[in-house]
Asker: 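Got a structure here, written out as structure tokens. Questions coming.
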Amino acid sequence: MRLFGDIMIFTKKDGWALLTFLGLTLLFFAPFLTGEQILGFKDLSRYFYPLRFLMVEQAKSGHWPLWNPYLFCGFPLLATLQICFFYPLTLLYYFLPFNLAFNYFTILHYFLAAAFMYCLLRHYDLNRWSALLGGLLFSFSGYLLSVYNMNTSLAAAVWLPLAVLFFDRWMNGGKFSNLAGLAVSLVLTFLGGEPTIIYMTILLLFAYAVVFSQTRRQGFINLSGLALACAMAAGLAAAQLLPFIELARLSDRTGKIAYDLATFRSFPPRELINFIFPYFFGNAAQFGNLTENLIGKNFQDWLISPYLGILPLLFAALAFSRRRRLAWFWLGTAVVGLFLAFGCYTPFYHLAYLLPGISMIRYPVKYLFLVNFSLVWLAAAGFDNLSRQLRNDSKQLARMCRWLLNAAFCLALAAAAANICKARIIQLLVGHYPAQAAQYFIVLLRNLVDFNLFSLTLVSANLFGFAVLLRWASQKKIHPNIFAGLICLLIAVDLFANSMTIMVPINAKLFTALPATYRRMIEQPTRGRFFYMPAVEQQNRMTFGENYDEAMWEAKENFTANWPLPHHLADFYGYESIKPRALMDYYRKEFGGGQKMTSQKLNQLSAYNVKFIISAVPLNFPQLKIINGRFKFGRNFYLYENNGVLPLAYMIFHGRTARMSRQTILDLKTAQILKYEPDEVVIKVETKKAGQLFLSDSYYPGWRAWVDDQPVKIEKSQGLFRIVPVPMGEHLVRFHYEPRSFYLGGIISLLTLGLILVGAVVLRYY
């Protein structure tokens, strides 16, 4: 890769590296290339698939995907970030069948991650083999592969190398195009959908400018450039940013999150061993994790594995003979990121919690993206240093080979001894379980012990193989390029072998298949929402089945949040990264803490158009008719039809603050819904006296109403829903969603783009 003016040009040799990345990416994801199997582990199946399915459905029908009528009695769709509507790679959904697009959206990011890291490392003048190694490590590291199911974290993290590259070029006398490139990188990071990563990326670049500016004046210029790039990025992203800010202000994330909640899913320091032993405490994507009997309650289940492997960590230790200032910076970044990830396990997070923004972020384990990036950079730089040493007859290399061989021999002895004593080790560990422990946990423990002993053997083999290759290369028995190629191959095989089990497939037919209970609800003459009790939600957080497909079908049949959404079944509650504060307050007040259903609560839900209720215990109310009841995998499931449900819209005559009950309604047939679309509701009203039209869709800024084409003010009812005044007679009431935040943001985005283009032209010619 070389520079032509201010533009990066790929040479033929760089092209081979990119083809290598593409080939390895396609090889790794080969089972998912046809779309018959869907990448569906964890949030992919119940979160990203349903929401993006809805986005594509609305967009293809000619609507901006602004509103989701199927969760939380109506909730913003575009504003939540997770559908990534403005993210460029989302275009795949409009040119490919949905299943293919859903897989390829994820797969393409791994190629981009490798290519972007390669560009960054070549920018720092690392040789091609070292840059190739860095690209492989960044793309197929345990961290990045683990977050494939956290699709927004993946889509945001891959742009970090480009952000650093463009900013470094700007700091070293680059042109406005580099600042524009930085702005675009930041925009894409934000549009990827994970606010934590864009926030930490900006802080990282701030620190980078402070550390590497030679003078105060240069520091001022560099920080001013960063501020300008952030301003350009905010302007370009305004169409997404303003709706998100509006939603965040009205969500349950307002202000500081309580410290205990903010530090939930911290990264336990003991899991550092997973950088070398990939699933030391278990593999949540395959055979499960160790139970609390052995590891206590302090664990995180967000990241499957941060695995890098022994050789990359060894290379990272060699990064300090050249580019020392850079190496120490990235080591410092890794240390800070690691202590942030530790969260509640160290006093450090109490200080970090005081910083603006940190207190609003959940799951400290997310900060490992900084650790992963920094270690990859160090590993690539260390391998580059090692490659340079091979050109000299160095006694240091001979000493390194001896040390590696001794370490490999000791680890092999330890593995052999552990295998001999395996039965005793398992017996000691089983002793921590209660006598009545299920056999499943004993089998899991044995499998984990076997796997970890095998991993120990592989670590020994990797060290031995590297030592032999290094010895041959130092003695000129093999060409340095062959040595580098074999090391890259060895690491690629190691990463592939340890990470392929993370990619959990789901049969695509599961997403379109219709359970009998869904069909019965869909075939009802009039639809209504469904509501599940908190105990059911707790049950649905765990999956059970003979295999993952069966577990997912069981989750779908049990109405696990968001699974019914593609079938247009409306959930009173739902699953989102941020939730509406008003509805959450109501839910916690009425049903939090294990509170039971009562007649009063049932009447409220009936007034809110809840037609189906799902419970883990039998409910005995005259208006409830059981549709389905079963006991499976130790869980009860009861589905009831509510015969006392009220329509979605009806007239109220006793004031908007009156309790919703039949006594407040003159005639349920006075309001007839003529049109119900995500962004528009049209209702025909025939009433013999003036009153208020109640619509049990959530109240939210941006909704406007007209009665016979005359605008009327929408007010809150019960703090949750919409209500408008309607005079006596026959009228047509129309609700339309026109969020000012979106349209104003769109104007700002277009103006910003225009200003950037004009500025680029002016700077080019003047």
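One-based numbering along the sequence shown.
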Asker: With heavy-atom distances below 4.5 Å as the criterion, would you say the side chains of L145 and F28 are in contact?
Answerer: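 Yes - at least one pair of side-chain heavy atoms lies under 4.5 Å apart.
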
Asker: Could you tell me if the side chain of L619 sits less than 4.5 Å from the side chain of Y638, heavy atoms only?
Answerer: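 Answer no - side chains too far apart.
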
Asker: Passes side-chain contact (heavy atoms from CB on, under 4.5 Å), K611 versus E641? Steps please.
Answerer: CA-CA 6 Å; K611 189 172 184 178; E641 182 178 353; 3.7 Å; yes

Asker: Supply the atom-to-atom distance L250 CG to Y699 OH, rounded to the nearest 0.5 angstrom.
Answerer: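 L250 atom CG to Y699 atom OH measures 9.5 Å (nearest 0.5 Å).
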
Asker: Over all heavy atoms of both residues, which pair between Q300 and S266 is shortest? Give the atoms and the distance, please.
Answerer: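 That closest heavy-atom pairing would be CB-O, 3.3 Å.
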
Asker: Is the closest side-chain donor-acceptor distance between H568 and E57 under 3.5 Å?
Answerer: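 Yes - a donor-acceptor pair under 3.5 Å links their side chains.
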
Asker: Please evaluate residues F75 and W67 with respect to the criterion ring pair (Phe, Tyr, Trp, His ring centres under 6.0 Å), reporting the C-alpha separation (whole Å), side-chain torsions for both, the decisive distance (0.1 Å), and the verdict.
Answerer: CA-CA 6 Å; F75 194 65; W67 189 256; 7.5 Å; no

Asker: State whether the side chain of E677 and the backbone N or O of D679 hold a donor-acceptor pair below 3.5 Å, judged by distance alone.
Answerer: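 Side chain of E677 to backbone of D679: no pair is present.
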
Asker: Within the side chain of N103, is there an N or O that forms a donor-acceptor pair under 3.5 Å with the backbone of L39?
Answerer: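 Side chain of N103 to backbone of L39, a donor-acceptor pair under 3.5 Å: yes, one is there.
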
Asker: Is there a donor-acceptor pair closer than 3.5 Å between any side-chain N or O of K684 and the backbone N or O of I673?
Answerer: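 Such a contact is absent between K684 side chain and I673 backbone.
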
Asker: For H109 together with F29, are the ring centres under 6.0 Å from each other?
Answerer: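 No - the distance between ring centres of F29 and H109 does not fall below the 6.0 Å cut-off.
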
Asker: Calculate, to the nearest 0.5 Å, the distance between atoms CD1 and CG belonging to I683 and L695 respectively.
Answerer: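 It comes to 5.0 Å.
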
Asker: Mind listing the closest non-hydrogen atom pair of Y110 and T106 along with its distance?
Answerer: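 Minimum heavy-atom separation between Y110 and T106: CD1-O, 3.3 Å.
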
Asker: Fit a plane to each ring of Y586 and Y608, take the angle between them on a 0 to 90° scale, and name the class: parallel (under 30°), tilted (30 to 60°) or perpendicular (over 60°).
Answerer: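 Y586 and Y608: perpendicular rings.
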
Asker: A cation-pi test, strictly: NZ or CZ of R46 under 6.0 Å from the centre of the six-membered ring of Y575 and no more than 45 degrees from its axis. Yes or no?
Answerer: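 Pair R46/Y575 counts as cation-pi.
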
Asker: Show the nearest heavy-atom pair for residues S45 and I506, with the distance to one decimal.
Answerer: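 That closest heavy-atom pairing would be CB-CD1, 3.9 Å.
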
Asker: Within a strict 4.5 Å, meaning less than it, do heavy atoms of the F140 and S499 side chains meet?
Answerer: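 Heavy-atom side-chain distance check fails, nothing below 4.5 Å.
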
Asker: Is there a donor-acceptor pair closer than 3.5 Å between any side-chain N or O of Y104 and the backbone N or O of L33?
Answerer: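 Side chain of Y104 to backbone of L33, a donor-acceptor pair under 3.5 Å: yes, one is there.
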
Asker: Test side-chain contact (heavy atoms from CB on, under 4.5 Å) on L693 and I723; report intermediate values, then the result.
Answerer: CA-CA 5 Å; L693 176 66; I723 196 167; 6.0 Å; no

Asker: Calculate, to the nearest 0.5 Å, the distance between atoms CH2 and OG belonging to W703 and S698 respectively.
Answerer: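 Answer rounded to 0.5 Å: 8.5 Å.
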
Asker: State, without any angle test, whether Q595 and K601 hold a side-chain donor-acceptor pair at a distance under 3.5 Å.
Answerer: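 Judged by distance alone, the side chains do pair up.
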
Asker: Just checking, is any N or O donor in the side chain of Y676 or D697 under 3.5 Å from an acceptor N or O on the other one?
Answerer: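 Per modelled atom types, Y676 and D697 side chains form a pair under 3.5 Å.
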
Asker: Can you find a pair of side-chain heavy atoms, one from F86 and one from L78, that are under 4.5 Å apart?
Answerer: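 Touching, per the 4.5 Å side-chain cut-off.
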
Asker: Which of these, F742, Y700, F244, sits in a side-chain contact (heavy atoms from CB on, under 4.5 Å) with P76?
Answerer: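 Only one option passes, and that is Y700.
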
Asker: Search all heavy atoms of G142 against all heavy atoms of S146 and return the closest pair with its distance.
Answerer: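 Shortest heavy-atom contact: O-OG, 2.6 Å.
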
Asker: Do L44 and Y49 touch side chain to side chain, with heavy atoms closer than 4.5 Å?
Answerer: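 They are not in side-chain contact.
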
Asker: Within the structure provided, determine whether N507 and E36 are in side-chain contact (heavy-atom separation under 4.5 Å).
Answerer: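 The answer is no, as the side chains (C-beta and beyond) never meet within the 4.5 Å cut-off.
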
Asker: Please enumerate all residues that pass side-chain contact (heavy atoms from CB on, under 4.5 Å) together with Q82, with sequence neighbours excluded.
Answerer: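 Scan of Q82 (side-chain contact (heavy atoms from CB on, under 4.5 Å), adjacent residues dropped) gives Y47, F48, T80, T152, E576, S577.
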
Asker: I need the L303 CG to R265 CZ distance, nearest 0.5 Å.
Answerer: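 Reported value, rounded in 0.5 Å steps: 11.5 Å.
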
Asker: Determine whether Y307 and Y279 satisfy the following criterion, ring pair (Phe, Tyr, Trp, His ring centres under 6.0 Å), listing intermediate values before the conclusion.
Answerer: CA-CA 8 Å; Y307 183 72; Y279 312 111; 7.7 Å; no

Asker: Would T598 and Q600 count as having a side-chain donor-acceptor pair, cut-off 3.5 Å?
Answerer: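 Their side chains do not contain a donor-acceptor pair, so the 3.5 Å distance test is not met.
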
Asker: Hey, would you say the F721 and F694 ring centroids sit under 6.0 Å apart?
Answerer: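 Between F721 and F694, the centre distance is under 6.0 Å.
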
Asker: NZ of K509: more than 12 outside heavy atoms within 6.0 angstrom?
Answerer: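 For K509, atom NZ is not crowded (no more than 12 foreign heavy atoms under 6.0 Å).
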
Asker: Which residue pairs satisfy the side chain to side chain donor-acceptor pair (under 3.5 Å) criterion with at least one member in residues 616-626, sequence neighbours excluded?
Answerer: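 Listed by first then second residue: S606-Q623, Q623-N642.
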
Asker: Which class fits the ring pair F85 and W64: parallel under 30°, tilted 30 to 60°, perpendicular over 60°?
Answerer: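 Rings of F85 and W64: perpendicular, as their planes differ by over 60°.
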
Asker: Would you say M597 and L605 make side-chain contact, with heavy atoms under 4.5 Å?
Answerer: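 Yes, their side chains come closer than 4.5 Å.
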
Asker: Between R635 (side chain only) and Q539 (backbone N and O only), is there a donor and an acceptor less than 3.5 Å apart?
Answerer: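 Pair found, side chain donor or acceptor close to backbone of Q539.
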
Asker: I would like to know whether F631 and F637 meet ring pair (Phe, Tyr, Trp, His ring centres under 6.0 Å); could you show each step before the answer?
Answerer: CA-CA 6 Å; F631 177 82; F637 175 88; over 10 Å; no

Asker: From N283 CG over to I502 CD1, what is the distance, rounded to the nearest 0.5 angstrom?
Answerer: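 Answer for the CG-CD1 pair, N283 versus I502, is 6.5 Å.
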
Asker: How many angstroms lie between atom CD of E554 and atom CG of D549, to the nearest 0.5 angstrom?
Answerer: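 Reported to 0.5 Å precision, the distance equals 13.0 Å.
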
Asker: Step by step, work out the ring pair (Phe, Tyr, Trp, His ring centres under 6.0 Å) result for Y640 and F612.
Answerer: CA-CA 6 Å; Y640 294 92; F612 302 95; over 10 Å; no

Asker: Give me the atom names and distance for the closest heavy-atom approach of S741 to P243.
Answerer: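 It is OG-CA, 3.6 Å.
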
Asker: Let me see the working for V682 and E680 under side-chain contact (heavy atoms from CB on, under 4.5 Å), right down to the final yes or no.
Answerer: CA-CA 7 Å; V682 179; E680 186 177 27; 4.1 Å; yes

Asker: Take M503 and F41 through the test side-chain contact (heavy atoms from CB on, under 4.5 Å) and record every step on the way to the result.
Answerer: CA-CA 7 Å; M503 300 296 145; F41 185 57; over 6 Å; no

Asker: Looking at every non-hydrogen atom in both residues, tell me the closest pair between F32 and Q37 and how far apart they are.
Answerer: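 Looks like CD2-O, 3.6 Å.
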
Asker: For A155, does its backbone N or O pair with a side-chain atom of Y87 as donor and acceptor, under 3.5 Å?
Answerer: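 Flag set: sc Y87 to bb A155 pair under 3.5 Å.
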
Asker: Within the structure provided, determine whether R519 and M521 are in side-chain contact (heavy-atom separation under 4.5 Å).
Answerer: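 SC-SC contact between R519 and M521 ruled out.
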
Asker: Would you call the rings of F572 and F531 parallel, tilted or perpendicular if under 30° counts as parallel and over 60° as perpendicular?
Answerer: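 Ring orientation, 0 to 90° scale: perpendicular.
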
Asker: May I ask you to decide whether D571 forms a salt bridge with R529, counting only side-chain N to carboxylate O separations under 4.0 Å?
Answerer: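 Salt bridge between D571 and R529, a charged N being under 4.0 Å from a carboxylate O: no.
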
Asker: Salt bridge or not for R630 and E557, using N-O below 4.0 Å?
Answerer: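 Looking at R630 and E557, the cut-off is met.
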
Asker: So, using side-chain contact (heavy atoms from CB on, under 4.5 Å) as the criterion, who are the partners of P534 when residues are at least two apart?
Answerer: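 Y587, F591.
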
Asker: Between F98 and F53, is the ring centroid distance below 6.0 Å?
Answerer: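 So the answer is yes for these two rings.
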
Asker: Among Y70, F511, Y518, which residue satisfies the ring pair (Phe, Tyr, Trp, His ring centres under 6.0 Å) criterion with H567?
Answerer: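 For H567, the ring pair (Phe, Tyr, Trp, His ring centres under 6.0 Å) check succeeds only for Y518.
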
Asker: Check whether K675 reaches the backbone of R734 with its side chain - one donor and one acceptor, N or O, closer than 3.5 Å.
Answerer: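 The answer is no, because no donor-acceptor pair under 3.5 Å joins these two groups.
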
